[in-house]
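Here the structure comes first, spelled out in structure tokens, and everything after it is commentary.
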Protein chains: 2
Amino acid sequence: MTEPPRRRLRADARRNRDRLLAEADAVFRQEGTDAPLDSVARRAGVAIGTLYGHFPNRRALVGSLLRERNQALFQHGQELLTSSPPAQALIRWVYAVVEHAAAYQGLAAVLADGLGDQESELHASCVRMTDISDQLIANARAVGALRRDVTGADIFALMNAAAWTREHLPLEQADRLVALTMDGMLTRAPNRNTTTKQDRSQNS
Amino acid sequence: MTEPPRRRLRADARRNRDRLLAEADAVFRQEGTDAPLDSVARRAGVAIGTLYGHFPNRRALVGSLLRERNQALFQHGQELLTSSPPAQALIRWVYAVVEHAAAYQGLAAVLADGLGDQESELHASCVRMTDISDQLIANARAVGALRRDVTGADIFALMNAAAWTREHLPLEQADRLVALTMDGMLTRAPNRNTTTKQDRSQNS
DNA sequence: ACCTGAACACCGTTCAAGT
DNA sequence: ACCTGAACACCGTTCAAGT
């Protein structure tokens with residue numbers, strides 16, 4: 001729940017670790033989470049063995065990279081819980097996570113896999129995302145803004161599916177998927193919630 | 001549009017080609033489209049060079065593998081165009097394609113990438129899928145069963161996103177994504193269209 | 001006309017040897 | 001305590017040599 005028991009590192013080791021993370025972020029942004037770790041090490045100015053010394057595998061590296069970012073995301077989610085009208089809060093949360101999960105190509109897959117995999121360094125984060133979704137859902141349902149049996153797991157699936165869509169289809173397509181789906185989930189209720197452009201061509 | 005100009009092959013070459021396709025199908029089903037081609041060749045009883053002789057790259061192999069299957073799918077789509085009430089036809093079409101695109105792990109990505117990539121062996125098929133979706137959409141809209149500005153591209157995105165979801169999240173999650181999204185897209189119109197279980201807990 | 005398989009390139013991961 | 005980089009394994013792809 002709290003910070004991992006980060007043991008003290010020798011000064012040079014910490015410096016290497018930090019540079020590895022910085023370069024990994026840069027490389028993953030450009031080439032996705034499957035980029036050669038070799039090039040990460042080279043850019044960080046260390047041997048490949050050093051990278052493995054700090055991070056036992058690629059997932060651990062991605063996990064460390066996301067830890068801070070995740071904290072910020074969760075805090076944002078918590079704030080939305082009270083700061084915005086329930087329906088809008090849920091919508092904003094979904095877009096925020098999609099944005100987050102689209103940081104690197106391949107990240108959506110890592111996250112999706114992480115929910116069911118206890119071993120994953122991102123497991124806890126995925127559970128947390130689902131939890132926050134559940135709370136936002138409960139709020140929205142409480143004011144009658146959300147219809148049907150939508151669950152946190154559904155929202156988690158949608159967020160990852162949309163992030164994946166960003167990697168493979170034209171830019172707006174992912175947003176349209178989210179907009180259409182959310183719009184179907186939300187009832188046009190007391191509080192207005194416009195996911196898409198203003199188009200109210202509806203009948204009955 | 002019609003059969004590719006398949007040149008006559010020497011008997012042994014044709015036999016090899018067929019076995020390669022059969023084994024590729026088996027291997028891809030088990031290990032996904034990223035499975036070692038080496039093992040495909042070995043199982044087919046030929047050298048790796050023979051595989052590359054028949055299929056210049058992995059995409060070509062996947063493409064050939066899907067050509068027949070795609071024909072069947074398109075025909076099904078065409079039939080739905082006239083055989084079922086528009087809303088139901090669209091729903092069935094989406095589930096059929098999701099099923100199709102989930103045949104191998106990684107296939108959804110190949111398909112999604114194929115829509116925008118002229119070079120892809122699956123490009124034409126992806127365009128076709130979008131076209132059929134467009135026609136089904138037009139029908140549904142014509143009877144007032146479909147709301148908003150849903151496009152064939154939206155349906156294509158949803159289908160692939162759902163197929164991808166199957167690869168990474170618990171089984172029903174993909175179906176739930178489709179059900180929730182489609183249910184939001186479809187209006188409760190003259191002709192009944194129940195995507196999910198019967199739950200009409202609604203207000204207004 | 002087609003097949004073979006050695007050869008090369010590339011990358012993940014380990015570990016003995018260094019400092 | 002940490003780093004180095006050679007070494008090994010694995011896989012995609014090519015191509016000279018065979019039939």
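A note on names: the letters A, B, ... follow the listed sequences, proteins ahead of strands, and every chain is numbered from 1.
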**Ion pair check, B:Glu99 and B:Arg92, cut-off under 4.0 Å** = no

**Asked** Does the side chain of A:Val178 come within less than 4.5 Å of A:Met159's, by heavy atoms?
**Response** no

**Message:** Could you tell me if the side chain of B:Leu107 sits less than 4.5 Å from the side chain of B:Phe28, heavy atoms only?
**Reply:** no

**Message:** Can you tell me which nucleotide in D:dC11, C:dC2, D:dC3 comes closest to the side chain of B:Asp12?
**Reply:** C:dC2

**Message:** Expected output is a numbered-order residue list: members of residues 19-33 of chain A with a heavy atom under 4.0 Å from any atom of DNA chain D. What is it?
**Reply:** none

**Prompt:** With no hydrogens and no angle check, do the side chains of A:Asn16 and A:Thr50 hold a donor and an acceptor under 3.5 Å apart?
**Reply:** no

**Distance-only donor-acceptor check, side chains B:Asp113 and A:His168, under 3.5 Å** = yes

**Request:** Compare side-chain N and O positions of A:His54 against OP1 and OP2 of D:dC2 and report whether any pair is under 4.0 Å apart.
**Result:** no

**OP1 or OP2 of D:dC2 under 4.0 Å from side-chain N/O of A:Asn16** = no

**Item:** A:Asn70 (side chain) donor-acceptor with A:Leu66 (main chain) under 3.5 angstrom
**Value:** yes

I need the [atom1]-[atom2] distance between [X] and [N], as an integer number of Å.
X	N	atom1	atom2	result
A:Leu61	C:dG12	CG	C1'	13 Å
B:Asp38	D:dA9	CG	P	15 Å
B:Leu37	D:dC10	CG	C1'	13 Å
B:Arg59	D:dG12	CZ	C1'	15 Å
B:Arg42	C:dG5	CZ	C1'	13 Å
B:Arg14	C:dA1	CZ	P	16 Å

**Dot-bracket pairing map - DNA chain D, Watson-Crick plus G-U, both contacts under 3.5 Å, | cross-strand** = ||.|||||...|||||.||

**Request:** Only one of A:Leu111, A:Thr33, A:Asp25 passes side chain to side chain contact (heavy atoms under 4.5 Å, CB included) with A:Val62; say which it is.
**Result:** A:Thr33

**Item:** Given B:Ser125, B:Cys126, B:Ser120, the one that forms side chain to side chain contact (heavy atoms under 4.5 Å, CB included) with B:Leu115
**Value:** B:Cys126

**Item:** Aromatic plane relationship, A:Trp164 with B:Trp164 - under 30° parallel, 30 to 60° tilted, over 60° perpendicular
**Value:** parallel

**Asked** When every nucleotide of nucleotides 14-19 of chain D is labelled 5' to 3' by its protein contacts under 4.0 Å (heavy atoms), B for base, S for sugar-phosphate only, - for none, what sequence of letters results?
**Response** BB----

**Message:** Please determine whether side-chain contact (heavy atoms from CB on, under 4.5 Å) holds for the pair B:Tyr104 and B:Glu31, giving the CA-CA distance in whole Å, both sets of side-chain angles, and the decisive distance to 0.1 Å.
**Reply:** CA-CA 8 Å; B:Tyr104 317 127; B:Glu31 306 175 41; over 6 Å; no

**Prompt:** So what does B:Ala35 touch, heavy atoms closer than 4.0 Å: a base, only the sugar-phosphate, or nothing?
**Reply:** sugar-phosphate

**Asked** Looking only at heavy atoms, which two atoms of A:Ala112 and A:Asn160 are closest? And how far apart?
**Response** N-OD1, 4.0 Å

